[in-house]
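Everything below concerns the one structure shown next.
Everything numeric here is computed off the predicted structure, so don't read it as measured data. Below, all heavy atoms of this structure are taken into account, side chains as well, without hydrogens, waters or symmetry copies.
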Amino acid sequence: MTKKWNHNSILGITDQETVKLDFDHTSFKTVKHWALRTVKWFRLRGFIILKSSEKSYHAIFDKRVSWIENVSIMAWVSLLSQHKALTKWFIMQCIKQGSTLRVSPKKDKYSPRIVFRYGSQSEQVLSFLVSRRFIKWLIRKT
């Protein structure tokens with residue numbers, strides 16, 4: 001995983017091996033539905049859901065996958081859910097050739113917080129959380 005500062009000094013985690021989804025303007029119930037459907041269909045072992053702001057959530061899945069598999073999974077969810085904001089986010093990840101989710105505060109928004117856990121969290125989820133913990137520590141120190 002790489003840590004990146006973007007032009008707004010917002011810190012995120014970017015990689016190719018972790019399936020991530022960014023649901024803006026979506027109910028928790030809808031995010032949970034798509035996360036459960038995705039984890040079962042692609043046998044991704046488990047996931048966590050983080051609330052990034054009001055009615056906006058991130059889903060991070062546990063099984064390590066190739067970038068090709070990752071793109072396929074993100075495309076599947078985008079296509080079936082017909083979620084316009086997710087589809088736009090997905091296209092941007094394809095352009096960057098890596099998926100990024102914010103872990104730091106952003107303007108008037110707090111850092112995303114975990115609101116739901118399902119199944120295994122010992123691989124990619126754990127790696128994401130370790131990187132997230134380091135970033136939050138780094139932010140506190142600066």
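- Note: the hydrophobic cluster containing Leu80 also contains Phe42 (ILVMFWY, side chain heavy atoms under 4.5 Å, direct or indirect links).
- Using a 4.5 Å cut-off on side-chain heavy atoms (C-beta onward), Phe47 and Phe116 make contact.
- Ile49 and Tyr110 end up in different hydrophobic clusters when Ile, Leu, Val, Met, Phe, Trp and Tyr side chains are linked at under 4.5 Å.
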### Task
Would you check, one step at a time, whether the test side chain to side chain contact (heavy atoms under 4.5 Å, CB included) holds for Asp15 with Gln124?
CA-CA 10 Å; Asp15 73 340; Gln124 296 307 103; 3.9 Å; yes
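- Heavy atoms only, all atoms of each residue included: Leu86 and Ser78 are closest at CG-OG, 3.7 Å.
- There is a path of hydrophobic side-chain contacts, each under 4.5 Å, that joins Ile95 to Ile73.
- The shortest side-chain heavy-atom distance between Leu21 and Phe90 does not fall under the 4.5 Å cut-off.
- Heavy atoms only, all atoms of each residue included: Ser122 and Leu126 are closest at O-CD2, 3.7 Å.
- Note on Phe134 and Val130: separate hydrophobic clusters, where clusters join Ile, Leu, Val, Met, Phe, Trp and Tyr whose side-chain heavy atoms are under 4.5 Å apart, directly or indirectly.
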### Task
Kindly indicate, with the supporting measurements, whether the criterion side chain to side chain contact (heavy atoms under 4.5 Å, CB included) is fulfilled by Leu129 and Ile114.
CA-CA 10 Å; Leu129 293 175; Ile114 299 169; 3.7 Å; yes
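- Between the OG atom of Ser120 and the CZ atom of Phe61 there is a distance of 13.0 Å, given to the nearest 0.5 Å.
- Summarising the local packing, OH of Tyr118 is surrounded by 12 or fewer heavy atoms from other residues, nucleotides or ligands at distances under 6.0 Å.
- Summarising the geometry, atom CZ belonging to Arg102 is positioned 9.0 Å from atom OG belonging to Ser56; distances are rounded to the nearest 0.5 Å.
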### Message
Lys51 vs Arg113, test: side chain to side chain contact (heavy atoms under 4.5 Å, CB included). Steps then yes/no.
### Response
CA-CA 5 Å; Lys51 185 172 186 173; Arg113 70 184 198 288; 3.6 Å; yes
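- Side-chain N or O atoms of Thr38 include none that pairs as donor or acceptor with a backbone N or O of Leu36 at under 3.5 Å.
- Under a hydrophobic-cluster definition in which Ile, Leu, Val, Met, Phe, Trp and Tyr are linked whenever side-chain heavy atoms come within less than 4.5 Å, directly or via other members, Phe128 and Val115 are assigned to the same cluster.
- Between the side chain of Gln16 and the main chain of Gln97, a donor-acceptor pair closer than 3.5 Å is present.
- Without hydrogens or angle criteria, Lys20 side chain to Ser99 main chain gives a donor-acceptor distance under 3.5 Å.
- Residue pairs meeting the salt bridge (charged side-chain N to carboxylate O under 4.0 Å, His left out) criterion with at least one member in residues 116-139, sequence neighbours excluded: Arg45-Glu123.
- You'll find the side chain of Glu17 stays beyond 4.5 Å of the side chain of Asn70, heavy atoms only.
- Looking at every heavy atom in both residues, Phe23 comes nearest to His83 through CD2-CD2, 4.0 Å.
- Atom CH2 of Trp76 has more than 12 neighbouring heavy atoms from other residues, nucleotides or ligands inside a 6.0 Å radius.
- Among Thr18, Val103, Leu101, Ile60, the one residue that satisfies the side-chain contact (heavy atoms from CB on, under 4.5 Å) test with Ile13 is Val103.
- In terms of heavy atoms, Ser104 sits closest to Leu11 at OG-N, 2.8 Å.
- The NZ atom of Lys96 sits 10.5 Å away from atom SG of Cys94, with the distance rounded to the nearest 0.5 Å.
- More than 12 non-hydrogen atoms from other residues, nucleotides or ligands lie less than 6.0 angstrom from CZ of Phe28.
- Between the side chain of Ser52 and the backbone N or O of Pro112, no donor-acceptor pair lies under 3.5 Å.
- Formation of a donor-acceptor pair under 3.5 Å by the Gln93 side chain with backbone atoms of Thr100 is found in this model.
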